[in-house]
Amino acid sequence: MQYSDKVLKHFKNPHNQGVIKNADAEGQVGNPVCGDVMKMYLKIRKQKTENRQQEYIENIKFETLGCAAAIAVSSIVTDMAKGMTLDKAMELTKDDVIKELSGLPEAKIHCSMLGVDALKEAIKNFKNQN
Ligand code: FES
């Protein structure tokens, strides 16, 4: 299986790995087929703009029990989502993630879904609580 240099870089040196204590929201997803599990923690900042209140991802961390692609996906998704509004982050797709990683092998496409799903799960949980 051939991984891009970018996947290998994020796998060997993942960004934003760990836990946020007192996170504003958490989201966890698992893939029943491969058994991989991904959890994301969000710290949200609310900021008033001229006519409405925006909510930003101020900090984001992940814990992933999974394959090399799942680790690389977690790392890049957290990099991409940091600083985004919740609305923008909800628009992220697996194709955005795959593009940002300069591609993923066909057998590893589902790993990119896990990253996007964990992020969206955390955002949904935040919206449900607030
Ligand atoms: Fe399932 Fe990577 S093999 S998330």
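Ligands are counted one by one from 1 in listed order, and the atoms in each one are counted from 1 as well. Only this structure's heavy atoms are used, side chains among them; waters, hydrogens and symmetry mates stay out.
- N130 places no side-chain N or O within donor-acceptor distance of the main-chain N or O of K127, the cut-off being under 3.5 Å.
- Each salt bridge (Lys or Arg N to Asp or Glu O under 4.0 Å) pair with one or both residues in residues 22-47, not counting sequence neighbours, appears once here: D24-K43, E26-K39, R45-E58.
- Side-chain atoms of S75 do not come within 3.5 Å of backbone N or O of I71 as any donor-acceptor pair.
- Ion pairing of D117 with K124 is absent here, as no side-chain N (NZ or NE/NH1/NH2) approaches a carboxylate O to less than 4.0 Å.
- Looking only at distances, no side-chain donor or acceptor of K61 sits under 3.5 Å from a matching main-chain atom of H15.
- Between N59 and L42, the closest side-chain pair of non-hydrogen atoms is not below 4.5 Å.
- Of all protein N, O or S atoms, those under 2.8 Å from atom 1 (Fe) of ligand 1 number 2.
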